[in-house]
Amino acid sequence: MESVLKSVIVPCRNAKLGCTKNVPYGRDSNHEKEYCRFSLCSCPEIKECNYTGLYNEILFHYLVSHLLKPDCFFTFGEPRDVRMAINDKTLVLIMTLRKTLLFFLQCFREPNDVYVAVNSIAPLAPEVEKFSSRISYSFDGHTCSHEPREMKRILEVSFQTPQDKNFMFVSNSLLHGEVLEMELCISEVK
């Protein structure tokens with residue numbers, strides 16, 4: 001009986017949202033969890049908002065429902081200075097030029113260090129655009145920088161310190177106060 005169930009194929013749980021893929025019955029599917037372009041993404045303002053929607057709907061929700069900071073708009077491929085209070089933990093970025101998408105910058109304070117990450121709110125679906133980021137922080141002749149080949153795409157903002165290598169590390173000894181002044185550039189991966 002168990003082998004019969006393993007051979008049963010059912011529609012993706014996101015079928016009602018538009019997915020046409022089929023997955024094995026009763027087994028966890030990477031397609032449904034991460035790779036389905038119809039997976040629901042959460043608003044990056046998770047402390048005050050519980051909205052979820054398709055990744056291409058999150059931006060519209062954010063523009064209509066949340067107060068925009070004047071310095072949140074960026075242009076792809078153009079480096080820009082950004083200031084972020086470490087205690088704010090998250091800064092939402094809106095990228096424009098040909099398409100408008102939602103990204104976010106995060107700071108994670110640890111006892112001796114600060115970790116800084118830039119992520120995209122999107123599923124890992126192959127048809128979803130890929131981006132890279134370059135971020136750097138300089139103080140007293142020291143520069144910390146991070147430039148991953150591909151930016152991490154996530155469905156929901158987390159406030160846990162990253163365990164992967166997708167972050168910039170800044171030692172407390174290099175900090176000047178509680179505000180990070182950094183240069184950030186986000187580009188499309190082709």
Side-chain angles (χ1 to χ4, degrees), residues 11-21 23 28-78 80 82-85 87-108 115-135 146 148-164 166-168 182 184-190:
C12 170
R13 68 177 165 207
N14 297 323
K16 61 185 165 223
L17 298 171
C19 185
T20 59
K21 302 272 186 203
V23 296
D28 283 340
S29 166
N30 282 340
H31 166 78
E32 288 182 326
K33 285 183 178 177
E34 299 172 342
Y35 291 97
C36 179
R37 73 181 183 106
F38 296 96
S39 293
L40 294 178
C41 298
S42 296
C43 177
E45 299 287 351
I46 62 173
K47 289 181 179 178
E48 59 191 55
C49 182
N50 60 4
Y51 175 84
T52 59
L54 299 176
Y55 83 99
N56 55 1
E57 296 172 346
I58 290 289
L59 176 66
F60 180 75
H61 157 79
Y62 193 84
L63 292 171
V64 170
S65 304
H66 298 288
L67 181 65
L68 300 179
K69 295 181 180 172
D71 58 349
C72 72
F73 292 96
F74 284 71
T75 301
F76 285 112
E78 293 183 15
R80 177 143 185 266
V82 62
R83 292 174 45 101
M84 180 179 180
N87 290 335
D88 284 351
K89 296 186 181 177
T90 303
L91 175 65
V92 174
L93 310 170
I94 299 170
M95 303 303 290
T96 59
L97 189 67
R98 291 189 322 250
K99 55 184 128 198
T100 305
L101 299 165
L102 205 58
F103 299 88
F104 63 97
L105 177 69
Q106 282 189 287
C107 287
F108 303 90
Y115 297 82
V116 181
V118 182
N119 296 303
S120 170
I121 296 181
L124 293 172
E127 60 272 20
V128 173
E129 299 97 339
K130 296 175 182 150
F131 301 94
S132 66
S133 63
R134 183 182 70 248
I135 189 164
H146 182 63
R149 273 186 254 146
E150 189 177 310
M151 182 184 299
K152 189 174 180 180
R153 294 178 281 168
I154 63 170
L155 300 175
E156 184 176 355
V157 173
S158 167
F159 290 103
Q160 292 183 330
T161 302
Q163 300 301 310
D164 55 20
N166 195 23
F167 60 83
M168 178 177 71
M182 303 167 282
L184 172 64
C185 184
I186 295 177
S187 302
E188 288 182 84
V189 172
K190 302 205 182 215

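The shown structure was predicted, so the numbers you read here are calculated from the model rather than taken from an experiment.
- Here the closest heavy-atom approach between residue C36 and residue N14 is recorded as SG-ND2, 3.4 Å.
- Rounded to the nearest 0.5 angstrom, Y51 OH and S42 OG are separated by 10.5 Å.
- The two residues S133 and L184 make their nearest non-hydrogen contact at CB-CD1, 4.4 Å.
- Under a 3.5 Å cut-off, the side chain of Q106 and the backbone N or O of S158 do form a donor-acceptor pair.
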Check against side chain to side chain contact (heavy atoms under 4.5 Å, CB included), V116 and M84: CA-CA 10 Å; V116 181; M84 180 179 180; over 6 Å; no

Verdict with supporting geometry, F76 and I186, side chain to side chain contact (heavy atoms under 4.5 Å, CB included): CA-CA 6 Å; F76 285 112; I186 295 177; 4.1 Å; yes

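- For the pair E48 (side chain) and E45 (backbone), a donor-acceptor distance under 3.5 Å is absent.
- Using a 4.5 Å heavy-atom threshold, the side chains of V92 and H66 count as separate.
- Going from atom SG of C41 over to atom CD1 of I154 covers 9.0 Å, rounded to the nearest 0.5 Å.
- With hydrogens and angles ignored, the 3.5 Å screen pairs no side-chain donor or acceptor of H146 with any backbone N or O of I135.
- Closest heavy-atom contact between Y35 and P126: O-CD, 4.2 Å.
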Y55 and E129: CA distance, side-chain angles, deciding distance, side chain to side chain contact (heavy atoms under 4.5 Å, CB included) verdict: CA-CA 11 Å; Y55 83 99; E129 299 97 339; 3.9 Å; yes

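- When all heavy atoms of C43 and Y62 are compared, the pair lying nearest together is SG-CD1, 4.1 Å.
- No donor-acceptor pair under 3.5 Å is formed between the side chain of R149 and the backbone N or O of V189.
- Taking the side chain as every heavy atom from C-beta outward, F131 and V118 never approach each other to under 4.5 Å.
- The NE2 atom of H31 lies 9.0 Å from the CZ atom of F38; values are rounded to the nearest 0.5 Å.
- Here CD of E78 is found 8.0 Å from SG of C185. Values are rounded to the nearest 0.5 Å.
- M151 and N119 get closest at one heavy-atom pair: SD-C, 3.5 Å.
- Looking only at distances, a side-chain donor or acceptor of R153 sits under 3.5 Å from a matching main-chain atom of A125.
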Steps toward side chain to side chain contact (heavy atoms under 4.5 Å, CB included) verdict (L102, L93): CA-CA 6 Å; L102 205 58; L93 310 170; over 6 Å; no

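- Interatomic distance, I58 CD1 to L40 CG, rounded to the nearest 0.5 Å: 8.5 Å.
- Of all heavy-atom pairs spanning L155 and P123, the tightest one is CD2-CA, 3.7 Å.
- If you take CG on L54 and OG on S39, they are separated by 9.0 Å, rounding to the nearest 0.5 Å.
- In this view, R83 and E181 satisfy the salt bridge (Lys or Arg N to Asp or Glu O under 4.0 Å) rule, not counting sequence neighbours.
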